[in-house]
Q: 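Structure in structure tokens, see below.
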Amino acid sequence: MIRVLRWPMHRICVLGALTTLLLVSGILRAQDSGPVTAAARGQWVATASAGLDPQAVATLGRIRGVNRQLLALRAYLRAGASLAGRWSWSQQTLERYPQTAEGRAAAADIDAVLSAFAKANPGYELQVNRQPRSLERQLEHWNENEGVAVVAASLVAALDRQFARQPPPSARQLQEALLRWTPDKAAPLAAPGLSAHGQGRAFDFAVARNGRTIAGLNAARARSEWDRAGWTRRLHAAVAASGKPFVGPLQSPYEPWHYAYTPP
């Protein structure tokens, strides 16, 4: 004898709803489990760089890894119309700069800052790096710096969360996402091509005593060696006392030793 099971209608409805919920949940989990591929991120770089200055596009091609490329691309987009004017000079121009009228004036004005500092701080010496930073050197630093890698990974994680479960984003969507994103901590280097050192118009100072550097160029020790020790204030006072056209210190990333030369 065959017995026919008769389920109440409300139980059938509940069972159907649970089945549907489980199916939808499985679909969502399947979507969540699909990571964004390196190829997809590479396409983001190509898409978002549409219309960018050719110099910047060429430089992106020399940056190792999609993460670092996207972080540099964000900086190029943020530069906007100022990018061409800020772009690093050629090696030939950098080599010629010290012999130009501006280059000679910059050297004399740096000497004035050193003199003002020595007068106000007996027993201490203010040192300065007068060497420009070529695009090639900027690329080398950007490709190797661990701090850049950390910030770049944070940016890509944010982009993954935004674009992982939708069709490939448009150039506008990517550009807006890059421009809106704000890091918890600024990258320790300017994107290749945008360093003020690339035009020979930025200088890094250091404080020494008896031949030993006591306030150097280490970003991790900027607050302790410079701010708390009082050298940030003293360097700024020496620049002001010299009356020469230097602007600083650099605020992002924070470098109390970095001053830009801004002649009339």
Side-chain angles (χ1 to χ4, degrees), residues 75 86-121 123-148 186-227 229-263:
R86 293 172 54 190
W87 197 257
S88 296
W89 293 339
S90 68
Q91 186 63 39
Q92 183 180 21
T93 301
L94 287 174
E95 292 173 355
R96 205 166 47 230
Y97 179 69
Q99 284 73 49
T100 64
E102 181 185 309
R104 291 193 296 270
D109 289 349
I110 288 173
D111 290 341
V113 174
L114 301 185
S115 177
F117 184 89
K119 182 178 180 180
N121 302 279
Y124 295 91
E125 176 190 4
L126 187 63
Q127 301 172 338
V128 61
N129 177 14
R130 303 176 189 244
Q131 294 299 314
R133 194 171 300 160
S134 67
L135 177 58
E136 286 68 27
R137 180 62 61 84
Q138 294 173 50
L139 278 163
E140 180 183 338
H141 290 175
W142 187 263
N143 285 334
E144 296 176 355
N145 187 275
E146 288 301 319
V148 169
L189 299 174
L194 293 183
S195 171
H197 292 280
Q199 294 188 348
R201 290 171 170 156
F203 302 94
D204 291 334
F205 295 92
V207 180
R209 185 176 190 181
N210 298 325
R212 183 177 68 88
T213 300
I214 61 173
L217 311 183
N218 189 316
R221 295 198 294 267
R223 299 294 180 182
S224 60
E225 287 187 355
W226 285 87
D227 292 359
W231 295 116
T232 301
R233 174 181 51 79
R234 295 183 189 184
L235 173 56
H236 195 270
V239 171
S242 74
K244 303 305 180 183
F246 291 94
V247 175
L250 183 66
Q251 295 299 319
S252 183
Y254 183 59
E255 296 182 357
W257 54 80
H258 175 115
Y259 279 75
Y261 186 62
T262 56

Q: Are the side chains of Leu189 and Pro253 in contact, using a 4.5 Å heavy-atom criterion?
A: no
Q: Rounded to the nearest 0.5 Å, what separation is found between the CZ atom of Arg96 and the CH2 atom of Trp89?
A: 10.0 Å
Q: Kindly check if the number of other-residue, nucleotide or ligand heavy atoms within 6.0 Å of CD (Gln251) is above 12?
A: yes
Q: Is the NZ or CZ atom of Arg223 both under 6.0 Å from the centre of the six-membered ring of Tyr254 and within 45° of that ring's axis?
A: yes
Q: Any side-chain heavy atom of Val128 sitting closer than 4.5 Å to one from Asp204?
A: no
Q: Can you check whether Trp231 and Tyr124 have ring centres sitting under 6.0 Å from each other?
A: yes
Q: Taking the side chain as everything from C-beta on, heavy atoms only, tell me whether Phe117 gets closer than 4.5 Å to Phe205.
A: no
Q: Which value, rounded to the nearest 0.5 Å, describes the distance between Glu125 atom CD and Arg209 atom CZ?
A: 12.5 Å
Q: State the CG-CG distance between Leu135 and Leu194, to the nearest 0.5 angstrom.
A: 9.5 Å
Q: Can you establish whether the number of heavy atoms outside Glu146 located under 6.0 Å from its atom CD is more than 12?
A: no
Q: Using the ring of each side chain (for Trp, its six-membered ring), is Tyr259 parallel, tilted or perpendicular to His236, with breaks at 30° and 60°?
A: tilted
Q: Do the non-hydrogen side-chain atoms of Val113 and Leu126 ever get within less than 4.5 Å of each other?
A: yes
Q: Between Tyr261 and Arg201, is there a cation-pi geometry (under 6.0 Å to ring centre, at most 45° from the normal)?
A: no
Q: Between Ser242 and Val239, what is the shortest heavy-atom contact and its length?
A: OG-O, 2.7 Å
Q: Is any side-chain heavy atom of Trp257 less than 4.5 Å from a side-chain heavy atom of Thr232?
A: no
Q: Nearest heavy-atom pair of Trp226 and Ala215: which atoms, and what distance?
A: CZ2-O, 3.4 Å
Q: If I take atom OG1 from residue Thr100 and atom CD from residue Glu102, how far apart are they, to the nearest 0.5 angstrom?
A: 6.0 Å
Q: Stepwise, does the side-chain contact (heavy atoms from CB on, under 4.5 Å) test hold for Thr213 with Gln127?
A: CA-CA 9 Å; Thr213 300; Gln127 301 172 338; 4.0 Å; yes
Q: Is any side-chain heavy atom of Asp109 closer than 4.5 Å to a side-chain heavy atom of Pro245?
A: yes
Q: Does the His197 side chain pair with the main chain of Ala202, one donor and one acceptor, at a distance under 3.5 Å?
A: yes
Q: Nearest 0.5 Å, what's the CZ-CD1 distance between Arg221 and Ile214?
A: 12.5 Å
Q: Which atom pair, heavy atoms only, marks the closest approach of Pro132 to Leu94?
A: CB-CD2, 3.7 Å
Q: For residues His141 and Arg133, determine if any side-chain heavy atom of one lies less than 4.5 Å from a side-chain heavy atom of the other.
A: yes
Q: Below 4.5 Å, heavy atoms only, C-beta onward: do Gln91 and Ser134 meet side chain to side chain?
A: yes
Q: Please name the pair of heavy atoms, one in Pro188 and one in Glu255, separated by the smallest distance, quoted to 0.1 Å.
A: O-OE2, 3.8 Å
Q: Start with the C-alpha gap between Arg234 and Asn121, add the side-chain angles, then the distance that decides, and say whether side-chain contact (heavy atoms from CB on, under 4.5 Å) holds.
A: CA-CA 8 Å; Arg234 295 183 189 184; Asn121 302 279; 3.2 Å; yes
Q: Please find the pair of heavy atoms, one from Arg130 and one from Ala107, that lie closest to each other, and give the distance.
A: NH1-O, 3.5 Å
Q: Hey, what do you get for CZ (Arg86) to OG (Ser195), rounding to the nearest 0.5 Å?
A: 9.5 Å
Q: Looking at Gly216, is its backbone amide N or carbonyl O close enough to the side chain of Glu225 to form a donor-acceptor pair, meaning the two atoms are under 3.5 Å apart?
A: yes
Q: Checking side-chain hydrogen bond (donor to acceptor under 3.5 Å, both in side chains) between Ser88 and each of Arg137, Gln138, Gln199, which is the one that passes?
A: Gln138
